[in-house]
Amino acid sequence: MGDWRMEFNRLDDYADIIKQTNSGSSCWIRTDSETIPGKNLFVYFYLCLDALKRGWLEGCRKIIGFDGCFLKGICKGESLVAVDLQLGDGVGLTVMSDMQKEELEAMDKLGYKICKDLLKYDKEYWCRAYIIEDSKCDVIENNICETFNSWIVGPRHKSVITMLEEIRHKIMNKTIEMRKFVETWVTDIAPMARMMLEENKALSRRCKIMWNAKHGFKVDEGVYRFIVDFRTMTCTCRSWMLRGIPCQHAVCAFYDREMDPDDYVAHWYRKETFLKAYQHFIQLIPNMKMRSDSTNSSIEPPKPKPMLGRPKRRMRKVKDKPRKKYGKLSKKGHVPRSATQQSQNISPPPPRSSQKIPSQQSNPSSICEDTSVVKRQNNNQSTRLGRGR
């Protein structure tokens with residue numbers, strides 16, 4: 001559409017089209033009619049497409065990343081992640097977040113006593129040793145959310161409806177790419193999980209194993225000792241339980257009992273589960289310009305306000321700090337003179353005299369000899385010879 005004011009005015013129409021074409025999608029708009037009487041100012045717009053919602057519930061690990069990114073268009077704002085996924089009490093859910101550093105006073109000075117500040121928080125939220133094993137995820141950084149922010153950096157410069165439409169188109173194309181990507185798998189296991197499993201198989205050759213003739217194994221890896229239990233399918237290193245991929249100690253135990261480790265990779269890495277996340281499709285919507293009749297109330301753009309986030313790069317000027325004054329540049333040599341030199345009325349260097357300077361033939365060590373006189377004499381002799389001819 002292009003007109004950012006008109007797009008804010010037609011947000012209600014866009015929400016109605018989303019609900020009609022993609023049934024089951026959640027789409028809410030909140031406006032403010034109290035700040036300016038007679039006007040509905042935009043507050044937020046929430047959208048969760050039904051195809052993505054069902055795909056996450058059926059084929060994705062229970063991991064959600066909470067993050068936000070600033071919009072770069074004419075009307076500044078922020079794009080935030082919120083969910084409407086029927087999560088219940090959140091048992092078995094893993095949440096990734098940068099903890100909103102602007103709201104945490106302890107994180108204001110990163111790099112200074114950062115370990116001491118980090119210990120103020122519960123270890124269960126940032127230490128891998130305390131992460132729950134239900135979601136099969138051992139990631140403790142927020143790179144997935146930051147990758148999504150960079151993925152939509154282009155639409156973030158557009159107006160509101162154009163931005164939402166471009167993000168929707170990118171997700172539709174991503175669904176097609178992922179379904180084509182599954183066809184390139186060599187085995188039933190995802191390529192990244194396959195690579196980790198093969199690395200653990202190579203590391204298992206360094207391990208020494210002892211079986212207790214039932215379901216327990218003692219695995220020695222260098223100076224360290226681990227216990228593998230086939231009854232509970234666990235290893236004391238916890239890598240198997242966190243990732244869902246057999247660790248090198250479990251692989252060593254499987255090989256000792258002539259079992260295939262591939263059969264014990266979690267179903268999250270299987271082709272069947274992967275396709276469940278992309279088996280629902282986003283439906284197309286008609287052009288907004290073709291729908292001119294509307295009974296919805298108009299929505300005005302929000303008032304501009306300073307956004308929270310990173311500080312400005314430009315240094316803030318202090319009121320009482322004196323300004324630096326620079327003198328004019330000299331024509332000869334371009335040597336700057338400060339204000340103190342100007343106040344002292346320092347006389348400029350004397351101009352060069354037009355008298356010829358003899359060459360320094362007596363000083364053989366000089367590397368800056370003046371050969372101008374010699375060149376002129378040679379030129380005069382050549383002209384005389386030429387005239388004589």
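Side chains are part of it too, since the values below use all heavy atoms of this structure and drop only hydrogens, waters and symmetry mates.
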Candidate list Lys19, Glu7, Glu165, test side chain to side chain donor-acceptor pair (under 3.5 Å), partner Tyr14, passing option: Glu165
Is any side-chain heavy atom of Met178 closer than 4.5 Å to a side-chain heavy atom of Leu275? no
Quick one: do Ile282 and Ile176 end up in the same hydrophobic cluster if we chain Ile, Leu, Val, Met, Phe, Trp and Tyr together by side-chain heavy atoms under 4.5 Å apart? no
Can Glu221 and Arg206 be counted as an ion pair, charged N to O under 4.0 angstrom? no
Does the ring pair (Phe, Tyr, Trp, His ring centres under 6.0 Å) test come out yes or no for Trp185 and Phe274, once each step is laid out? CA-CA 11 Å; Trp185 291 13; Phe274 188 89; 5.2 Å; yes
Would you say the side-chain atoms of Asp229 pair up with the backbone N or O of Met233, donor to acceptor, closer than 3.5 Å? no
To the nearest 0.5 angstrom, please state how far the CD atom of Glu198 sits from the CD1 atom of Ile245. 11.0 Å
Hey, could you give me the CD1/CD1 distance between Ile161 and Ile17, rounded to the nearest 0.5 Å? 8.5 Å
Relative to each other, are the rings of Tyr224 and Phe226 parallel, tilted or perpendicular (30° and 60° limits)? tilted
Min side-chain heavy-atom separation Asn40-Glu300 under 4.5 Å: no
Treating Ile, Leu, Val, Met, Phe, Trp and Tyr as nodes and any side-chain heavy-atom pair under 4.5 angstrom as an edge, say whether Met241 and Val251 lie in one connected cluster. no
When you measure from the side chain of Asn22 to the backbone N and O of Gln283, does any donor-acceptor pair fall under 3.5 Å? yes
In terms of the angle between their ring planes, are Phe254 and Tyr264 parallel, tilted or perpendicular, with boundaries placed at 30° and 60°? parallel
Is there a side-chain contact (heavy atoms from CB on, under 4.5 Å) between Thr187 and Asp262 once you walk through the steps? CA-CA 10 Å; Thr187 61; Asp262 295 9; over 6 Å; no
Is the CZ atom of Arg30 crowded by more than 12 outside heavy atoms at less than 6.0 Å? no
Does the side-chain contact (heavy atoms from CB on, under 4.5 Å) test come out yes or no for Ser26 and Tyr46, once each step is laid out? CA-CA 8 Å; Ser26 303; Tyr46 173 80; 3.8 Å; yes
Does Phe217 have its ring centroid less than 6.0 Å away from the ring centroid of Phe230? yes
Would Arg5 and Asn9 satisfy side-chain contact (heavy atoms from CB on, under 4.5 Å), going step by step from the backbone distance to the final call? CA-CA 6 Å; Arg5 287 186 178 275; Asn9 191 16; over 6 Å; no
Does the structure place the NZ or CZ of Lys62 under 6.0 Å from the centre of the six-membered ring of Trp56, at an angle of no more than 45° from the ring's axis? yes
Can you tell me if Asp256 uses its side chain to pair, donor with acceptor, with the backbone of Cys252 under 3.5 Å? no
